Peer 1: 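Okay, handing you the structure first.
A, B, ... follow the sequence lines: proteins, then strands. Residue 1 opens every chain. In this text, all values refer to a predicted model and were calculated from it rather than measured experimentally.
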There are 2 protein chains.
Amino acid sequence: MPNNQFKKGELYSFITGKASTAIARRLQKKFNQANLNLTIEQWSVLYHLWKDDGRSQQELCNATFRDKPSITRLVDNLEKLQLVKRVASESDRRINRIHLTRQAMKLQEQAMALAEETLNDALEGVSPEHINLCKDVLQRVYDNLK
Amino acid sequence: MPNNQFKKGELYSFITGKASTAIARRLQKKFNQANLNLTIEQWSVLYHLWKDDGRSQQELCNATFRDKPSITRLVDNLEKLQLVKRVASESDRRINRIHLTRQAMKLQEQAMALAEETLNDALEGVSPEHINLCKDVLQRVYDNLK
DNA sequence: TTTGAATAGTTGTTTAACTAACTATATGCC
DNA sequence: GGCATATAGTTAGTTAAACAACTATTCAAA
């Protein structure tokens, strides 16, 4: 019996992700207060494009852990907001490369500062060792299930 | 500078909740394979009713960490599935008490076994100490933000 | 006792997730 | 070359979340 020592019945929030939901809500609130007209999901796509522009939709699926229809619609909405543009690949015409607009590039600094601020709010009073240990556990959980 | 020792830039999944999303997806898959016609969100409501039947919608909001419109619609759908019934409170006519049907009571054992199985899959190879520490960190995060 | 605030729940709108079914393009094998 | 298969992306339908605006009921204070 490998994992039977932890207290069952108290792990409800493990499944429902109360903590990450709370973080996302707090970040969304900060976006709204700053009049950044962005959803967290849209931010999560921009986050990866800011690091590496011109990814394909499939690459964004992998990076954001979303399926293809979700990315299709997120990119639809980001295009409507004029934050990204689909550019058909020359070498493989099945592929759209998603490129940031100048307007989206201007959002990076502010949005990332708010994200960092939110993480600091969330992790206040937690030691770096515990944070890293918790991160490792969550990564292991993810790896166990993929 | 309290929390500046951890590696920033690696905490994306903290915000996006990759681990809990993965757990929820795995549990949903198990429900589907078992022909349990239940969403994870519906399960999360039933979870609390199985522990304590007849809660008000507001109490379900608090327990499941959802807002009132979300609970209204979840209860709507659970009623359509004939798994719960709204019963108007006699003493306070603003309140609906949500009661399980016999059919819903019959689901408890199977659904909870699948949830436990999913947690065991997720936490395989993680020591009970690390699980509890991680749980405490997540609880602290939640408390920090509420 | 009435009026104003608080509480419980509902409804409408937008955004997103998941599944399944679909089109178009590319690739590999005969 | 031609055909099967895989890959990239879209569309449709259902469920759910967030927010704002709304109704009904309760409660407390003047």
Peer 1: State whether the number of non-hydrogen atoms from other residues, nucleotides or ligands found under 6.0 Å of A:Lys30 atom NZ is greater than 12.
Peer 2: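 Counting neighbours around NZ of A:Lys30, more than 12 heavy atoms of other residues, nucleotides or ligands fall under 6.0 Å, so yes.
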Peer 1: D:dA18 P sits how many Å from A:Lys30 NZ, rounded?
Peer 2: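 That distance rounds to 18 Å.
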Peer 1: How do B:Asn32 and B:Gln57 order along DNA chain C: which one's closest nucleotide is nearer the 5' end?
Peer 2: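 Of the two residues, B:Gln57 wins.
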Peer 1: Between A:Ile95 (CD1) and C:dT27 (C1'), how many Å, whole number?
Peer 2: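 Interatomic distance, CD1 of A:Ile95 to C1' of C:dT27: 13 Å.
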Peer 1: Taking only residues two or more places apart in sequence or in another chain, which ones pass salt bridge (charged side-chain N to carboxylate O under 4.0 Å, His left out) with B:Glu79?
Peer 2: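 For B:Glu79, the residues satisfying salt bridge (charged side-chain N to carboxylate O under 4.0 Å, His left out) (neighbours in sequence not counted) are B:Arg86.
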Peer 1: Please enumerate all protein N or O atoms sitting under 3.5 Å from an N or O of nucleotides 14-17 of chain C, with distances to 0.1 Å.
Peer 2:
unit_1	atom_1	unit_2	atom_2	d
C:dA16	OP1	A:Thr39	OG1	2.5
C:dA16	OP1	A:Gln42	NE2	3.4
C:dA16	OP2	A:Asn77	ND2	2.6
C:dA17	OP1	A:Arg66	NE	2.5
C:dA17	OP1	A:Arg66	NH2	3.2
C:dA17	OP2	A:Ser70	OG	3.4

Peer 1: Is it the case that over 12 heavy atoms from other parts of the model lie below 6.0 angstrom from the CG atom of B:Asn37?
Peer 2: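 No, not enclosed.
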Peer 1: Regarding B:Asp121 and B:Thr118, do their side chains bring together a donor and an acceptor under 3.5 Å, going by distance alone?
Peer 2: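 Absent: no donor and acceptor within the cut-off.
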Peer 1: Report the C-alpha separation of A:Asn62 and A:Gln58 in whole Å, then their side-chain angles, then the decisive distance to 0.1 Å, and conclude whether the side-chain hydrogen bond (donor to acceptor under 3.5 Å, both in side chains) test is met.
Peer 2: CA-CA 6 Å; A:Asn62 301 336; A:Gln58 184 57 55; 3.3 Å; yes
Peer 1: For a quick check under 3.5 Å, do B:Arg140 and B:Asn144 share a side-chain donor-acceptor pair by atom type?
Peer 2: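 Indeed, the side chains of B:Arg140 and B:Asn144 share at least one donor-acceptor pair under 3.5 Å.
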Peer 1: Can you confirm whether B:Glu117 is buried at CD, in the sense that more than 12 heavy atoms of other residues, nucleotides or ligands lie under 6.0 Å from that atom?
Peer 2: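 Atom CD in B:Glu117 is packed in, count exceeds 12.
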Peer 1: Name the residue closer to the 5' end of DNA chain D, choosing between A:Lys29 and A:Thr72 according to the nucleotide with the nearest heavy atom.
Peer 2: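 The residue closer to the strand's 5' end, by nearest nucleotide, is A:Thr72.
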Peer 1: Shorter than 3.5 Å, N or O on both sides, protein versus nucleotides 20-29 of chain D: list them out with atom names.
Peer 2:
unit_1	atom_1	unit_2	atom_2	d
D:dT26	OP1	B:Arg93	N	2.9

